[in-house]
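From a predicted model like this one, the values you see are computed outputs, not experimental measurements. First the proteins, then the strands, lettered A, B, ... as listed; each starts at 1.
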2 protein chains.
Amino acid sequence: MPVEIERKFLVASDSWRGHALGQRYCQGYLSKGDVTVRVRRAGPRAFLTIKGSGEGIVRPEFEYEIPVEEAEEMLKLCRRPLIEKTRFEVMHDGLRWEIDEFAGENAGLVLAEVELEHPSQPVALPDWIGDEVTADQRYRNSQLVDAPMGEDREQVTSFTIGIQQQT
Amino acid sequence: MPVEIERKFLVASDSWRGHALGQRYCQGYLSKGDVTVRVRRAGPRAFLTIKGSGEGIVRPEFEYEIPVEEAEEMLKLCRRPLIEKTRFEVMHDGLRWEIDEFAGENAGLVLAEVELEHPSQPVALPDWIGDEVTADQRYRNSQLVDAPMGEDREQVTSFTIGIQQQT
């Protein structure tokens with residue numbers, strides 16, 4: 001089964017920014033639950049992607065390129081809000097890092113991902129990398145639809161703590 | 001937006017059966033809710049299909065042919081039970097009817113569908129056609145996963161009536 005092996009981190013500083021132009025992504029989710037069905041418009045191309053829940057950092061993944069016009073129509077069927085972000089690519093120590101700067105309801109959030117060949121593959125972390133959030137479901141893009149982490153992020157965190165104290 | 005315009009009927013008799021060989025279908029659903037994401041193995045081919053909820057008998061539909069091996073892997077991610085059926089095609093008065101004879105947990109159920117160009121298109125019903133169930137959500141294949149209508153169909157119906165009488 002084709003799989004995605006990926007680690008995800010918060011971004012601690014802006015020192016990754018170079019002259020690279022980012023590409024605008026707009027994506028949405030057709031399903032809710034362990035299996036995600038994602039419609040992504042990535043610049044001039046579009047993709048339909050199925051991801052299973054998987055174990056640890058390994059998730060089954062199936063991706064198909066689809067006509068942009070059909071992706072636009074399918075985005076209308078997706079849950080709201082759609083995820084809007086700009087993706088930048090940075091090479092570091094032979095690995096390609098994807099840095100997502102979110103917009104819309106997740107504005108302010110910046111996440112970095114690195115795709116690996118093996119779950120235990122050693123990764124040299126760039127100095128602009130912050131905490132690892134690979135296992136933190138809240139940072140899955142599909143979760144950022146239901147619980148955005150943008151400008152209201154502090155408030156959301158406080159609210160969550162408030163609830164926890166009450167129970 | 002590409003749409004599917006379809007009417008669905010119960011099948012009242014076996015007189016549709018000719019010498020046509022049916023093709024075995026196995027399909028499952030990756031999502032639950034208004035938008036369905038279907039993985040279908042149809043004989044030697046396979047498809048990934050997104051259907052919106054739509055209005056009346058018109059539903060947005062997007063279909064992509066995918067490698068059979070990937071469909072088999074994706075079927076493992078689908079809700080249980082999978083829908084198993086044999087599809088027969090019969091021409092009647094210039095329209096192509098698809099007759100699905102279900103197996104597995106829906107064994108005994110036979111449904112006929114006809115795809116139309118327009119919602120109000122006149123349809124000459126073959127004499128083996130029974131009640132129309134186009135608007136009856138229970139006969140959607142995605143619903144037949146959660147509430148199969150096979151040999152236990154009578155019991156399911158009685159149980160539903162029992163519940164209704166109690167409320």
Side-chain angles (χ1 to χ4, degrees), chain A residues 1-6 26-42 45-83 137 140-143 145-147, chain B residues 1-6 26-42 45-83 137 140-146:
Chain A
M1 189 180 296
V3 294
E4 174 187 62
I5 306 170
E6 197 171 70
C26 178
Q27 64 194 44
Y29 294 85
L30 289 167
S31 70
K32 211 170 169 171
D34 286 346
V35 178
T36 58
V37 182
R38 184 184 72 200
V39 180
R40 173 182 278 176
R41 173 79 193 265
R45 302 174 70 186
F47 302 89
L48 181 62
T49 308
I50 316 292
K51 291 192 195 189
S53 56
E55 292 181 12
I57 68 172
V58 183
R59 296 180 76 185
E61 184 184 89
F62 304 87
E63 187 158 75
Y64 306 101
E65 184 156 9
I66 60 173
V68 167
E69 302 71 29
E70 296 185 9
E72 294 289 351
E73 294 296 330
M74 262 188 277
L75 283 170
K76 296 176 187 169
L77 305 177
C78 291
R79 307 198 324 266
R80 290 306 189 251
L82 297 177
I83 297 293
Q137 306 283 323
R140 284 199 175 175
N141 280 228
S142 55
Q143 294 297 313
V145 171
D146 297 313
Chain B
M1 187 180 296
V3 294
E4 173 187 63
I5 307 170
E6 198 171 71
C26 178
Q27 64 193 44
Y29 294 85
L30 290 166
S31 71
K32 210 170 170 171
D34 286 346
V35 178
T36 58
V37 182
R38 184 184 72 201
V39 180
R40 172 182 278 175
R41 172 80 193 266
R45 302 174 69 189
F47 302 89
L48 182 61
T49 307
I50 317 291
K51 292 192 195 190
S53 55
E55 293 181 11
I57 69 172
V58 183
R59 297 181 76 185
E61 183 182 90
F62 304 87
E63 186 157 76
Y64 306 100
E65 184 157 8
I66 61 174
V68 167
E69 302 71 30
E70 297 185 10
E72 293 289 351
E73 293 297 330
M74 263 189 274
L75 283 170
K76 296 176 187 168
L77 305 177
C78 291
R79 307 198 326 265
R80 290 301 188 260
L82 298 177
I83 297 292
Q137 306 284 323
R140 285 199 174 174
N141 281 229
S142 55
Q143 294 297 314
L144 293 174
V145 172
D146 297 313

Chain B contact via A:Ile50 - side chain, backbone, both or neither, heavy atoms under 4.5 Å:
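The side chain, not the backbone.
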
Heavy-atom contact with chain B under 4.5 Å, split by part of A:Lys76:
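Only the side chain of A:Lys76 comes within 4.5 Å of chain B.
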
Report yes if some heavy atom in the side chain of A:Phe62 is under 4.5 Å from a heavy atom in the side chain of B:Leu77; otherwise report no.
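Counting from C-beta outward, A:Phe62 and B:Leu77 do come under 4.5 Å.
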
Greatest number of heavy atom pairs closer than 4.5 Å to chain A - which of B:Glu69, B:Met74, B:Lys32
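Greatest number of close heavy-atom pairs with chain A: B:Met74.
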
How long is the gap from OH on B:Tyr64 to CD1 on A:Ile66, to the nearest 0.5 Å?
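The CD1 atom of A:Ile66 is 4.0 Å from OH of B:Tyr64, to the nearest 0.5 Å.
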
Supply the atom-to-atom distance B:Glu73 CD to A:Glu61 CD, rounded to the nearest 0.5 angstrom.
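One gets 14.0 Å once the value is rounded to the nearest 0.5 Å.
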
